[in-house]
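Along the sequence shown, residues are numbered consecutively beginning with 1.
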Amino acid sequence: MLFASIPVQAGSIGFSISFTGDEVSMTNTGSDAAFQVSEWMLDSNLQWREVQVQQGNHAYLPPGQILKGHRVGRAPDTNLGRADPLLLVFFDQAGSRMAQLAWRQTPQTQQIPLEATRHHEQLVVEPGAAHLQKTVASFAVAVPYNGIQQLSKPLALNNAPPPNLLRHVWSTDTPMVVNTGAAQGGAWLVHEDASGELRLQTVQDGVARGQEQVPRWLMWIRRYFMQLAGVLAGAGLMVTAAGFVLRSRKLRHAGHTA
């Protein structure tokens, strides 16, 4: 049980991105291959447009390999357009769809995050009074994640486009609602103040990837298995020691009787 509870390090998928004008170069810096990689950039209408691959194999990108492409259309002439986000959508070797976000100019981090609560598939964002005085609008980037049930289906040959960028104006006095999928995927929130400054807030997955269908009793065992194994191992040593003591006493008693 002690050996079974030792954690195992899984592989990783990460990317190094470089921008040169309208050219984008991406290198897989992880330890696992990425499949069906697609890159998306905003056009002048704030719609995701897929980057045209010019070099490399987007269907299979092993560690260390490079993918080069060229953006389609012009970036929007806005503060968000000048930050120029790049959304990466790909599959891991298990067939799970994943997403990562890169920037030509990364916004500063939102120091005091807006309140974000989950209601099943929906992520509801509500700013406090202090935020409303500073935040004019917010953008949401999210690729809904429906859980491991998608692994039972054949892998799509073409990656479906990500959902359109969601923009919410806070003067409407209504909360911002983002669809994150049945398995409560994460989201990136970009907040814009009156001066046009952007700040980035990252909302993590609501449920750890791959565990959305795991029963609670199994999650409890995974969490406390090492402690349980240690207790059983200690109890086993105590029983063994007690056995030696009792055996020794019986032998001494038998010697005195003889």
Report yes if some heavy atom in the side chain of [X] is under 4.5 Å from a heavy atom in the side chain of [Y]; otherwise report no.
| X | Y | value |
| --- | --- | --- |
| Trp48 | Leu42 | yes |
| Pro175 | Val124 | yes |
| Leu86 | Val51 | yes |
| Thr109 | Leu200 | no |
| Arg118 | Thr180 | yes |
| Val203 | Leu189 | yes |
| Leu80 | Leu165 | yes |
| Trp103 | Val190 | yes |

Please round to the nearest 0.5 Å and tell me the distance separating atom [atom1] of [X] and atom [atom2] of [Y].
| X | Y | atom1 | atom2 | result |
| --- | --- | --- | --- | --- |
| Glu39 | Lys68 | CD | NZ | 12.5 Å |
| His191 | Arg199 | NE2 | CZ | 10.5 Å |
| Ser138 | Leu166 | OG | CG | 9.5 Å |
| Asn57 | Gln65 | CG | CD | 9.0 Å |

**Message:** Under 3.5 Å, is there a donor on one side chain and an acceptor on the other for Gln105 and Asp84?
**Reply:** no
**Asked** With a cut-off of 6.0 Å (strictly less than), are more than 12 heavy atoms of other residues, nucleotides or ligands near CD of Glu197?
**Response** yes
Please check: side-chain N/O of [X] versus main-chain N/O of [Y], any donor-acceptor pairing under 3.5 Å?
| X | Y | answer |
| --- | --- | --- |
| Gln100 | Ile13 | yes |
| Asn45 | Gln47 | no |
| Ser25 | Ser18 | no |
| His168 | Val177 | no |
| Gln93 | Asp32 | no |
| Asp205 | Gly186 | yes |

If you look at every heavy atom in [X] and [Y], which pair is closest and at what distance?
| X | Y | value |
| --- | --- | --- |
| Leu67 | Gly56 | CD1-C, 3.6 Å |
| Trp188 | Ala99 | CH2-O, 3.7 Å |
| Pro162 | Arg97 | N-NH2, 4.4 Å |

- Item | Aromatic plane relationship, Phe15 with Phe90 - under 30° parallel, 30 to 60° tilted, over 60° perpendicular | perpendicular
Side-chain heavy atoms under 4.5 angstrom apart, residues restricted to Ile, Leu, Val, Met, Phe, Trp, Tyr: same cluster for Val37 and Ile66? no
